[in-house]
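Have a look at the structure below before the remarks.
All chains are named by letter (A, B, ...) in the order of the sequence lines, taking the proteins before the strands, and each is independently numbered beginning at 1.
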Number of protein chains: 2
Amino acid sequence: MLSKKTKYGLKALTFLASQKGRQPVQISEIAKQENISRKFLESILLTLRKSGLLGSKKGKGGGYYLIKEPKDIPMTVVMRVLEGPIAMVPCVSLNFYEKCSDCPDEASCSVHMLMLQVRDSALEVYKNNTLADLVP
Amino acid sequence: MLSKKTKYGLKALTFLASQKGRQPVQISEIAKQENISRKFLESILLTLRKSGLLGSKKGKGGGYYLIKEPKDIPMTVVMRVLEGPIAMVPCVSLNFYEKCSDCPDEASCSVHMLMLQVRDSALEVYKNNTLADLVP
DNA sequence: GCTTAGCCTATTAAATCGATAGGATAATAA
DNA sequence: TTATTATCCTATCGATTTAATAGGCTAAGC
């Protein structure tokens with residue numbers, strides 16, 4: 001299940017991408033437009049900024065803005081920042097690999113086999129979409 | 001992330017599918033072979049039985065067995081029983097649909113749009129695999 | 001009628017999630 | 001310089017979910 005963090009993060013990013021210029025938009029403005037808790041959204045935007053996707057400006061006229069053009073932001077990046085691994089199981093994760101403590105042999109593990117396919121198919125979708133594709 | 005319940009369930013089903021005949025196999029036997037907590041596995045097998053995938057036999061010589069042939073068990077069914085919705089968000093779920101409380105319009109929702117693609121790609125994988133395909 | 005092995009419900013410890021609180025910091029305007 | 005504005009940051013909290021365990025009940029077989 002997609003976390004609310006990811007859901008809200010995607011909505012916020014899409015909202016920013018749909019703005020005319022790249023002027024800063026206040027948290028409250030985004031929260032209001034997208035029906036998101038102001039404080040919760042704040043923490044999400046913070047992680048998006050720390051990950052390098054967003055820039056911010058303090059004080060009057062401040063807010064958050066996209067650093068790159070939406071078409072240059074692949075969903076693989078966004079999803080990994082917000083949701084973490086794309087794989088459903090650490091042993092098939094490209095960026096967050098971890099060996100299973102049970103499971104003596106990955107090559108012959110049915111879960112591994114199936115989840116590899118699922119990861120690849122999800123990856124395919126995320127690779128084929130940039131933030132620009134999410135703007136209606 | 002895949003729950004341990006699903007992971008263990010998949011391993012147990014694969015183990016049963018790999019058996020020669022369709023003789024009942026004891027919980028303890030499966031638990032031992034697959035490194036799964038005996039009691040936890042018991043509860044998982046119970047839900048698999050209630051869902052109609054497994055049959056069971058009590059008393060001496062008892063255990064669990066597959067009701068159908070592995071090749072006749074699509075992974076869509078297995079995953080929905082064990083993990084629940086295949087969709088990452090209820091508003092794109094075929095079998096567990098639910099409207100989002102936020103989000104005034106699904107058609108123009110970026111999350112909806114993206115997650116529809118992800119669901120379809122996952123569904124494609126699960127449709128193309130039966131339990132038989134998981135046996136090494 | 002004893003043993004075996006699944007049936008079933010309840011409970012619990014830990015982790016995660018969604019949300020909130022509140023002061024610190026920096027940028028702008030008066 | 002000072003007031004205002006809006007982000008920065010850390011800490012906490014309640015609710016839910018997850019993984020696992022406990023323990024008695026029921027039915028099948030010998």
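Here C:dG6 presents its C1' atom at 14 Å from CG of B:L16, a figure rounded to the nearest Å. Atom CD1 of B:I44 and atom P of D:dT21 are 12 Å apart (whole Å). Separating the CE atom of B:M1 from the P atom of D:dT18 is a distance of 13 Å, rounded to the nearest angstrom. In this structure, B:R49 places its CZ atom 12 Å from P of D:dA27, rounding to the nearest Å.
Applying the side chain to side chain contact (heavy atoms under 4.5 Å, CB included) rule to A:K60 yields no partners; only residues at least two apart in sequence or on another chain are considered. Scored by the salt bridge (charged side-chain N to carboxylate O under 4.0 Å, His left out) test, A:D102 finds B:K7, B:K11 as partners (sequence neighbours excluded). A search for salt bridge (charged side-chain N to carboxylate O under 4.0 Å, His left out) contacts involving B:E69 returns B:R22, not counting sequence neighbours. Partners of A:F40 by ring-ring contact (aromatic ring centres under 6.0 Å, His included), not counting sequence neighbours, listed by chain and number: A:Y8. Evaluation of the salt bridge (charged side-chain N to carboxylate O under 4.0 Å, His left out) rule for A:E42 yields A:R38, A:K39 as partners, not counting sequence neighbours.
The two residues A:L10 and A:L82 have their closest heavy-atom pair at N-CD1, 3.9 Å.
Proximity of B:K5 to B:T47: side-chain heavy atoms (C-beta onward) are separated by under 4.5 Å at one or more points. In this structure, the side chains of B:Y65 and B:Q23 stay at 4.5 Å or more apart for every pair of heavy atoms. A 4.5 Å side-chain heavy-atom check between B:L45 and B:L48 finds at least one atom pair inside the cut-off.
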Would you give me the side-chain donor-acceptor pairs under 3.5 Å for residues 107-114 of chain A, sequence neighbours excluded?
from	atom 1	to	atom 2	distance (Å)
A:S108	OG	A:D105	O	3.4
A:S108	OG	A:D105	OD2	3.0
A:S110	OG	B:T14	OG1	3.0

Below 3.5 Å, can you tabulate the donor-acceptor pairs from side chains in residues 124-136 of chain A to any protein atom, sequence neighbours excluded?
from	atom 1	to	atom 2	distance (Å)
A:N128	ND2	A:E124	O	3.1
A:N129	ND2	A:V125	O	2.9
A:N129	ND2	B:Q117	OE1	3.0
A:T130	OG1	A:A132	N	3.2
A:T130	OG1	A:D133	OD2	3.4
A:D133	OD2	A:T130	N	2.7

Which pairs would a plain distance check flag for residues 85-101 of chain B, meaning a side-chain donor or acceptor within less than 3.5 Å of a matching protein atom at least two apart in sequence or in another chain?
from	atom 1	to	atom 2	distance (Å)
B:S93	OG	B:F96	N	2.8
B:Y97	OH	B:E106	OE2	2.5
B:K99	NZ	B:C103	O	3.4

I'd like a list of close polar pairs between nucleotides 28-30 of chain D and the protein, N/O only, cut-off under 3.5 Å.
from	atom 1	to	atom 2	distance (Å)
D:dG29	OP1	B:K57	NZ	3.2

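Of the inter-residue distances, the one linking B:E34 atom CD with B:E29 atom CD reads 10.0 Å to the nearest 0.5 angstrom.
Looking at residues 78-106 of chain A, you'll see that no heavy atom sits under 4.0 Å from any atom of DNA chain C. Annotation: proximity of residues 20-30 of chain A to DNA chain D (heavy atom, distance under 4.0 Å) is found for A:Q26, A:I27, numbered in ascending order.
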- Its contact letters, B for base, S for sugar-phosphate only and - for none at protein heavy atoms under 4.0 Å, make nucleotides 14-21 of chain C read ----SBBB
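Here A:K50 lies in heavy-atom contact (under 4.0 Å) with sugar-phosphate atoms only.
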